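I have placed the structure first, in the form of structure tokens, so that the comments after it can refer back to it.
Note that ligands are numbered from 1 as they come in the structure, with each ligand's atoms numbered from 1 the same way. Note that the structure is predicted; figures quoted are calculated from it, not measured. Quick note: residue numbers are just sequence positions, from 1.
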Amino acid sequence: MTAPGKNLRINSDRLWDSLMEMAKIGPGVAGGNNRQTLTDEDGEGRSLFRKWCEAAGLEMGVDQMGTMFARREGTDPEALPVYVGSHLDTQPTGGKYDGVLGVLGGLEVVRSLNDLGIRTKHPIVVTNWTNEEGTRFAPPMLASGVFAGIHELDWAYDRKDAKGKRFGDELVRIGWKGDEPVGARKMKAYFELHIEQGPILEDEGIDIGVVTHGQGLKWLQVTLTGKESHTGSTPMPKRRNAGLGMARVTELVHEVAMDYQPDAVGAIGHMEVYPNSRNIIAGKTVFTIDVRSPEKEVLDAMDARIREGVDTICEALDIEYEIEQVGHFDPVTFDKDCVKAVRDAAIRLGYSHRDIIAGAGHDACWVNRVAPTSMIMCPCVDGLSHNEAEEISKEWAAAGADVLFHAVVETAEIVE
Ligand code: HGY
Ligand code: MN
Ligand code: MN
């Protein structure tokens with residue numbers, strides 16, 4: 001296959017303008033975004049993306065999970081398409097680039113191909129996966145998980161948010177439930193451009209992360225039940241304090257993760273306290289443990305130690321507990337040929353690069369189950385993400401999109 005010439009580059013001004021335009025939809029309160037999945041803001045972002053895709057001559061398909069597939073025809077319509085993409089949904093206090101860079105970087109590849117009049121043998125499809133974040137409806141990567149056959153469609157439709165709203169109903173409400181069966185599409189390959197969401201690339205002054213692996217994740221939702229009672233008049237030995245239980249489990253998760261350094265991580269980001277009154281001992285707490293590791297054995301060991309520790313803590317405090325696994329995927333090894341296409345592109349374009357393991361979860365982790373897949377990462381300022389202050393440079397965005405451009409075009413095969 002003819003490799004694209006090293007001068008083949010995307011239009012970085014247009015990419016940056018599109019990122020800033022999309023960022024106006026579902027603004028946060030501190031310069032980032034709150035465009036959570038299946039909200040009206042998500043619907044608005046989808047409509048803008050669809051408008052841009054139609055202007056670029058792409059044909060839009062939507063599946064029964066609301067995932068959007070914008071197709072650029074190839075010279076051989078029977079050839080398996082090369083897919084690119086990521087997600088437009090954000091955290092409640094999210095940044096402007098997490099996910100969005102991959103979707104709009106994919107659109108920029110198509111826009112650049114159109115500008116240059118380049119035709120490829122294989123079609124190219126730009127994808128917006130529904131509910132990557134999993135913050136409103138757990139688990140994360142929900143639509144790509146259904147696409148890869150991990151989750152059943154009806155199970156996904158029944159996922160509920162904190163207000164009891166059903167995923168399936170919200171998808172209909174915003175008007176983005178498509179007809180296409182989920183997972184029917186076959187791919188030649190899938191490439192996902194994403195910000196690193198960690199500090200390695202920036203600290204080492206490197207432009208491109210060649211993602212060889214993705215770490216595994218477990219989300220354990222824990223419910224502790226003690227007894228509400230007066231914070232003033234209940235003697236300490238008679239308390240059944242679910243709040244204290246949550247505090248001790250929080251410490252336990254940290255200690256267990258610290259036992260498996262340098263790679264393992266663990267924290268509790270979601271916490272609910274009931275009745276959450278200043279002078280009532282917490283009768284109930286509900287929280288989600290998030291533990292991750294690049295090694296399956298470590299992930300399983302942390303899971304086991306945490307379950308054992310919760311039992312010991314609850315025994316000592318005379319409180320009950322329930323543990324529900326609400327998210328899980330094992331560590332991922334990406335496709336060698338796709339990884340090589342990314343690395344070769346970075347070398348050809350003269351960008352500094354290094355192999356890296358994806359710390360966060362991504363739709364690519366599930367797509368990798370059904371198609372040859374790899375990822376491209378660009379640095380982010382202070383490695384910060386899932387924070388409204390998330391920032392990248394225009395140069396980093398352009399470098400990532402250039403590498404995506406080359407990896408995709410080479411895989412889709414330029415037709416002279
Ligand atoms: O949780 C994750 O790693 C991803 O941001 N959804
Ligand atoms: Mn993301
Ligand atoms: Mn995210």
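With hydrogens and angles left out, the side-chain atoms of Glu388 and Thr93 include no donor and acceptor closer than 3.5 Å. No side-chain N or O of Arg240 forms a donor-acceptor pair with one of Thr225 less than 3.5 Å apart. Side-chain contact of Asp98 with His194: a donor-acceptor pair under 3.5 Å is present, judged by distance alone. Using modelled atom types, one finds no donor on one side chain facing an acceptor on the other under 3.5 Å when comparing Thr120 with Glu413. Arg348 and His406 are linked by a side-chain donor-acceptor pair at a separation below 3.5 angstrom, with hydrogens and angles left out of the test.
Residue-ligand proximity, Ala360 to ligand 1, at heavy-atom distances under 4.0 Å covers atoms 3 (O).
Using a 30° and 60° split on the angle between ring planes, Trp129 and Phe147 fall in the perpendicular class, above 60°.
Pairing each heavy atom of Thr130 with each of Met65, the nearest pair is OG1-O, 2.8 Å.
Only the side chain of Arg292 comes within 4.0 Å of ligand 1, counting heavy atoms alone; its backbone N, CA, C and O stay farther away. Counting heavy atoms under 4.0 Å from ligand 1, residue His386 touches it through the side chain alone.
Around the Mn ion (ligand 2), protein N, O or S atoms at less than 2.8 Å number 3.
Rounding to the nearest 0.5 angstrom, the gap separating the CZ atom in Arg248 from the CG atom in Leu224 is 12.0 Å.
For atom 6 (N) of ligand 1, the closest non-hydrogen atom on the protein side is Glu132 OE2, 3.0 Å.
Geometrically, ligand 1 and Gly361 share a nitrogen or oxygen pair separated by less than 3.5 Å.
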